[in-house]
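As the structure is a computational prediction, the values presented were derived from the model and not from experiment.
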Amino acid sequence: MEKLHTLLHNLTNPQLKLLKVHLRYISIRKEPDTQLIKLAELLIREKVEAPSLEFCSGAIYGKMNYPAIQKLKSRLMNKIHQVLLLDHGMENRGGEQDELDRYVLLIRRKVTLYHTLLMGVGRRINLDGESEEIIRLSKKYELFSVLCEQLKYKKLLSGFRKGKKAFVRVNDDLMFYKRCNDVLDKATDYYHLAVINSDFSSNSDKKIYQAFLRDSIAELNEESRPLKSPLISYYIKNLEAMYYESSGNIEVTRDVCKELLTIIESNISVCRKQRIAVVYNQLACCDIRLGDYGRALDNAQSAQKYFIRNSANYFSALDNQFLAHFYQYNFDKCKAICNSLLKNTREEVGDFRYAKYMIYQANVLFMLQRFKEVLQVLNLKMELTKDKIGWDFSIRVLTIQTLIALERYEDASRHVSGLIKHDALRPRDKIIYRILKMIERQGFEESRLKEKLEVENRILLSDKNCLWDPLSSELIPFEKWLSLQYKTSFQDVQYANAKEWSLVQNK
């Protein structure tokens, strides 16, 4: 019943009204409260969780009648599908559905109707008007696969009626749009391959990834130039943004994202709210890395306006909103974001994201010097500890920093030893481990450490493979903490124009 329950609760109010009319119409010769209506009302009434098959059967038949309830369930599913395919149902989604999506459905419905009439028995009718409408809309919304299929029918019919010239003229159009379709297919394939392969783990993987992006962009630019397709340009710009981001050129990445936003907003064949939101979120990521936290906050909030609330993308934009506040010392707003999300259950937001916001909360508490509360959060068993080379390492480091602040050096020493259990540390993590091990061997005493720490600290500040990433799980830059705790040097050059970091007590 879960799928049926979810489908019913995703219907808009106009669609629900239409469904009720549809169900009553098929039961006109029976009592108004038919079994099908009973099942629909039963599922609609349960807002959160779908009732079991057994419960529904008992409520309708007074006992468990498996064949009957399965048949009833199937009939209701079919009725919902029929409502979703009706023009009235699509038109009344209004602002909830993008124009592009509405017309893609409408075009496909028109194609189905065209084929039904074309292949129908009895007296033939002229379908030229219907065919031209499908072709016109398919060109407008760059639905090339449908357009090519319709042009095939037009070519054959035109040839039989008007001769060779008409056949050749339509065939020329068909060849052009086939080319558009082929290049679009290639662009979408390259885009999805780039997304799949973006999680590289070594420099060699990164070079292969960048070479793939560079070659793909060059090939697509060459092939798409005569086509002038906004939709193909959209995918090329996405690949360009991925390339410059992987190269560490964040300013150019941001410029490309602005161009991408222009393509989406100014072309009806590309414009979707989801695409607009994704680009705003990408801009927020760029702004955070560039240290422009005010602009990052604006873009993260713009993204949330377009994303479906409580979706994975919505939470990603919320992450960027949190980070923008965190790096501007707006800790009250950070706590409000965390508290708002943590009011939900783990089942609603997912174990990983729930744990992630617990760690965000711990970082806020650390900045506020509430170290005992930090340990209370970090000692909880969390899903993030399964992420051995990302969040788990950062959790362990934050735990050690908190224990040092509380002068619990024996506990800190034990946790430092635990860091070596990680099998695949990143270059930055290896330096952090070496520094913490050095501190632990010297008994955590500041006077005996400074000169030795400076050597390792310079690597963190200068090696491009070891620079701090403000979008990583390390919210508090380790080298800044080191400069405050052990008086090492700290330069803000690597953080672009970012506001200088300091703990609250040092502001």
Side-chain angles (χ1 to χ4, degrees), residues 194-195 198-201 203 206 209-210 213 237-261 276-304 307 313 315-330 333-334 337 356 359-360 363-364 367 389-391 393-394 397 426-429 431-432 459-481 490-502:
V195 172
S198 61
D199 190 17
F200 40 80
S201 57
N203 280 334
K206 184 176 181 179
Y209 176 73
Q210 288 174 336
L213 288 173
K237 283 297 172 187
N238 268 291
L239 292 170
E240 288 180 9
M242 292 179 190
Y243 174 75
Y244 287 115
E245 183 182 15
S246 69
S247 303
N249 199 333
I250 305 303
E251 289 184 354
V252 177
T253 304
R254 193 182 195 287
D255 291 340
V256 172
C257 286
K258 293 293 287 183
E259 293 173 17
L260 185 55
L261 190 61
I276 294 172
V278 167
V279 178
Y280 272 122
N281 206 30
Q282 288 174 322
L283 286 168
C285 290
C286 291
D287 293 332
I288 289 171
R289 285 192 165 123
L290 293 170
D292 194 342
Y293 303 126
R295 193 160 60 174
L297 188 59
D298 291 339
N299 284 319
Q301 290 172 332
S302 294
Q304 289 172 54
F307 280 136
N313 282 326
F315 286 129
S316 175
L318 199 62
D319 286 350
N320 287 330
Q321 183 182 350
F322 173 91
L323 292 173
H325 281 309
F326 187 82
Y327 296 136
Q328 291 185 102
Y329 307 103
N330 296 330
K333 291 182 179 178
C334 288
I337 292 172
K356 186 177 180 179
I359 300 306
Y360 279 178
N363 277 274
V364 172
M367 294 295 290
I389 62 169
W391 284 91
F393 185 85
S394 297
V397 170
R426 296 165 296 187
R428 178 177 176 84
D429 296 338
I431 303 299
I432 290 173
I459 298 175
L460 287 180
L461 291 168
S462 59
D463 189 331
K464 66 179 182 179
N465 294 318
C466 297
L467 298 181
W468 173 64
D469 181 1
L471 295 177
S472 71
S473 52
E474 183 188 339
L475 271 64
I476 301 169
F478 184 82
E479 50 270 58
K480 185 57 185 177
W481 171 82
F490 179 77
Q491 300 168 350
D492 284 329
V493 175
Q494 64 165 313
Y495 308 121
N497 60 332
K499 182 190 287 186
E500 181 175 342
W501 260 87
S502 60

Peer 1: Would you call Ser246 and Leu213 a side-chain contact if the rule is heavy atoms closer than 4.5 Å?
Peer 2: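 Answer yes - side chains close enough.
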
Peer 1: Could you tell me if the side chain of Asn299 sits less than 4.5 Å from the side chain of Gln282, heavy atoms only?
Peer 2: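 Result no, sub-4.5 Å side-chain heavy-atom pair not found.
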
Peer 1: Of all residues at least two apart in sequence or in a different chain, which pass the side chain to side chain donor-acceptor pair (under 3.5 Å) check with Asn313?
Peer 2: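 With sequence neighbours excluded, Asn313 shows a side chain to side chain donor-acceptor pair (under 3.5 Å) to no residue whatsoever.
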
Peer 1: Which atom names give the shortest non-hydrogen contact between Ala324 and Ile288, and what distance separates them?
Peer 2: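 What the structure gives for the nearest pair is N-CD1, 4.4 Å.
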
Peer 1: Within the structure provided, determine whether Leu467 and Arg428 are in side-chain contact (heavy-atom separation under 4.5 Å).
Peer 2: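 Side-chain contact under 4.5 Å: no.
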
Peer 1: Would you please name every residue forming a side chain to side chain contact (heavy atoms under 4.5 Å, CB included) with Ser394, sequence neighbours left out?
Peer 2: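 Ser394 satisfies side chain to side chain contact (heavy atoms under 4.5 Å, CB included) with Ser473, Glu474 once adjacent residues are dropped.
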
Peer 1: Apply side chain to side chain donor-acceptor pair (under 3.5 Å) to Gln321 and list each qualifying residue two or more places apart in sequence or on a separate chain.
Peer 2: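 Side chain to side chain donor-acceptor pair (under 3.5 Å) list for Gln321, sorted by chain: Gln304.
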
Peer 1: Going by an N to O cut-off under 4.0 Å, is there a salt bridge joining Asp319 and Lys356?
Peer 2: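 Yes, Asp319 and Lys356 are salt-bridged.
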
Peer 1: Looking at Pro470 and Leu323, what are the two nearest heavy atoms and their distance?
Peer 2: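 Shortest heavy-atom separation between Pro470 and Leu323 comes out as O-CD1, 4.0 Å.
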
Peer 1: Name the orientation class of the two ring planes belonging to Tyr327 and Trp468 (parallel below 30°, tilted from 30 to 60°, perpendicular beyond 60°).
Peer 2: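 Correct class here is perpendicular.
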
Peer 1: Supply the atom-to-atom distance Cys334 SG to Tyr329 OH, rounded to the nearest 0.5 angstrom.
Peer 2: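 If we round to the nearest 0.5 Å, Cys334:SG and Tyr329:OH are 12.0 Å apart.
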
Peer 1: Only counting residues at least two apart or in another chain, list the ones meeting side chain to side chain contact (heavy atoms under 4.5 Å, CB included) with Ala303.
Peer 2: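 Partners of Ala303 by the side chain to side chain contact (heavy atoms under 4.5 Å, CB included) criterion, ordered by chain and then number, come out as Tyr280, Asn281, Phe307, Ala317.
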
Peer 1: Leu471 and Cys285: which non-hydrogen atoms are nearest, and at how many Å?
Peer 2: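 Result for this residue pair: CD1-CB, 3.7 Å.
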
Peer 1: Got Ile431 and Phe478 here, is their nearest side-chain heavy-atom distance under 4.5 Å?
Peer 2: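 When only atoms from C-beta onward are counted, Phe478 and Ile431 do not touch, as no gap falls below 4.5 Å.
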
Peer 1: Taking atom OG1 of Thr253 and atom CD of Glu240, what is their separation to the nearest 0.5 Å?
Peer 2: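 If I round to the nearest 0.5 Å, the distance is 10.5 Å.
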
Peer 1: Less than 4.5 Å apart, side chain to side chain, heavy atoms only: is that true for Phe393 and Val397?
Peer 2: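 Yes, close enough: below the 4.5 Å cut-off.
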
Peer 1: Run the side-chain contact (heavy atoms from CB on, under 4.5 Å) test on Tyr293 and Leu297 for me, step by step, so that the C-alpha distance in whole Å, both residues' side-chain angles and the decisive distance to 0.1 Å come before the verdict.
Peer 2: CA-CA 6 Å; Tyr293 303 126; Leu297 188 59; over 6 Å; no

Peer 1: Working to the nearest 0.5 angstrom, can you tell me the gap between Ile250 CD1 and Tyr244 OH?
Peer 2: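 Those atoms lie 12.5 Å apart.
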
Peer 1: Please set out all donor-acceptor pairs under 3.5 angstrom arising from side-chain atoms of residues 254-261, sequence neighbours excluded.
Peer 2:
from, atom 1, to, atom 2, distance (Å)
Arg254, NE, Asp287, OD1, 2.5
Arg254, NH2, Asp287, OD1, 3.3
Arg254, NH2, Asp287, OD2, 3.4
Glu259, OE1, Lys237, NZ, 2.5

Peer 1: Can you sort out the partners of Asn363 under side chain to side chain contact (heavy atoms under 4.5 Å, CB included), two or more places apart, ordered by chain and number?
Peer 2: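 For Asn363, the residues satisfying side chain to side chain contact (heavy atoms under 4.5 Å, CB included) (neighbours in sequence not counted) are Phe326, Ile359, Leu398, Leu475, Ile476.
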
